[in-house]
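Please read the structure below before turning to the comments.
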Amino acid sequence: MNIKVAKFGGSSLADAIQMNKVKEIIESDPARRYVVVSAPGKRFDGDNKITDLLYLCKTHIDHNIEYGQVFQVIQDRFRAIELNLGVDANLEKEFEEIDRNLREGASADYIASRGEYLNAKLVAAYLGYDMVDTAGLVLFDERGHFLDEATNEKLKEVVKQHPKAVFPGFYGSYPDGRIKTFSRGGSDITGSLVARAAGAEVYENWTDVSGFMVADPRIVKNPKPIDTVTYLELRELSYMGASVLHEDAIYPARAMNIPINIRNTNDPEHPGTIILADAPLDNDQIIAGIAGSKDYIAISLYKNMMNSEVGFIRRCLSILEDYGVAVEHLPSGIDTLSVVLSSKSVEGKLADILDEIERRLAPDRIDVYEDLALIATVGRGMNRRRGTSAMLFGALGEAGVNIRMIDQGSSELSIIVGVEMRDFETAVRAIYDAFVK
Ligand code: ASP
């Protein structure tokens, strides 16, 4: 029998109305046998996510401030959902136990995980599925490193025993049973792990957008949706800030060649975006997407005969390493080297870094460009197509955008340009208009 794993994010489970939509989605396809849930998210702008409130409880406890009021808000949200759905998920006894654990000094991970735990109970009761706790199944070692294979084995066993189940996302446990969470947004990872263990034909990730757009809709009006994108393309796009999916959610599905389908709970008819290992190329489609972000800085070094000076680049990088700064890009010429860094990463350290470079590398000149934006134009269709870069640079030239940096990955999967921040939106629109018909 076909199996689909459906993970629902916080906004898809924020209240009873949303949960109703989830039930309809699940019941419309009997292959949707495994469901992974986040904690209830925001119902409207300015609302609180349950996970944030749970962390807030912990902060109160750490500061010896009574947390009862915050915990009450959390309980009331669950109670309201339970009441409006007309189910009895037996949450009162869970609340009591959580409260007891809070008083006895439970860890931040335990507290944060209770949003998913309670929600899985609730959704399972509502759907009539088994609730399978992921503590003891999603495994971490003593130091908190995720144990991939052991987890897969456990999940495979449990999937065999439960034809239909709801799993809480976001957490697992240490060998001694204590709870350990993934980083924020980690329910996406749990969904991917369950999909792999179940040998699912697709991992559906239900959220509040209909997949990815070719460009940011805040910049380009009504951008085209991305129907299919490869894992590698997505990586290049997400790196630039287009994050709908936790980046660690890719590898388990990818290991088994399971497509990931991003879908919209509020528009279930929309096919969304499918992420695949390899996808046939539509001939008209040169690029998959355009992603970018602002607030980068480039430090450019010039030194006569730099090209033959052994260790120059290494020394430059080691200075940045000493200051804990990650390098985004490293475009170089014969006697020039630029390092592109996020402005945030050098906040309060830039002057010291420049002094150190001056002292240890003795460049003839250092130029610093602040207010840089990076734009990645990504697509597996680019490397087979002559004239792609001409199109890109032509479009930017015509739009009057000054290009400060160019970097093309060796895979020819993307071309990254650095432009002045004030040209960012103009540049994204110019690229979109040039490539998307
Ligand atoms: N609820 C957790 C968070 O808000 C995990 C998740 O939703 O994936 O980060």
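Numbering of ligands and ligand atoms starts at 1, following listing order. The figures that follow rest on heavy atoms only: side chains count, while hydrogens, waters and symmetry mates do not. Throughout, numbering of the chain's residues begins at 1 and tracks the sequence.
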Can the positive tip of Arg254 be found less than 6.0 Å from the middle of the six-membered ring of Tyr251, inside 45° of the ring normal?
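No - Arg254 does not lie over the ring of Tyr251 by the 6.0 Å and 45° rule.
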
If I take atom CD1 from residue Ile274 and atom CZ from residue Phe212, how far apart are they, to the nearest 0.5 angstrom?
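That separation rounds to 12.0 Å.
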
Does an N or O from [X], backbone or side chain, lie closer than 3.5 Å to an N or O of ligand 1?
X	value
Thr51	yes
Gly185	yes
Ser187	yes

Got Leu396 and Ile431 here, is their nearest side-chain heavy-atom distance under 4.5 Å?
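Contact flag for Leu396/Ile431 side chains = yes.
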
With a 4.0 Å cut-off on N to O distance, would you call Lys294 and Glu425 a salt bridge?
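Salt bridge: yes.
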
Does ligand 1 have a heavy atom under 4.0 Å from the side chain of His246, from its backbone, from both, or from neither?
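Looking at His246 and ligand 1, no heavy atom falls under 4.0 Å.
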
Could you tell me which atoms of ligand 1, counted from 1 in the order shown, lie closer than 4.0 angstrom to a heavy atom of [X]?
X	answer
Glu116	1 (N), 2 (C), 5 (C), 6 (C), 7 (O)
Ser38	6 (C), 7 (O), 8 (O)
Arg184	3 (C), 4 (O), 9 (O)

Tell me, yes or no, whether the heavy-atom count around His145 atom NE2, taken from other residues, nucleotides or ligands under 6.0 Å, exceeds 12.
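Counting neighbours around NE2 of His145, more than 12 heavy atoms of other residues, nucleotides or ligands fall under 6.0 Å, so yes.
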
Any chance CD of Glu66 has more than 12 other-residue heavy atoms, nucleotides or ligands included, within less than 6.0 Å?
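Buried by this count: over 12 neighbours within 6.0 Å.
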
Of all the heavy atoms in Gly10, does at least one lie under 4.0 Å from an atom in ligand 1?
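Gly10 does not count as a contact of ligand 1 under the 4.0 Å cut-off.
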
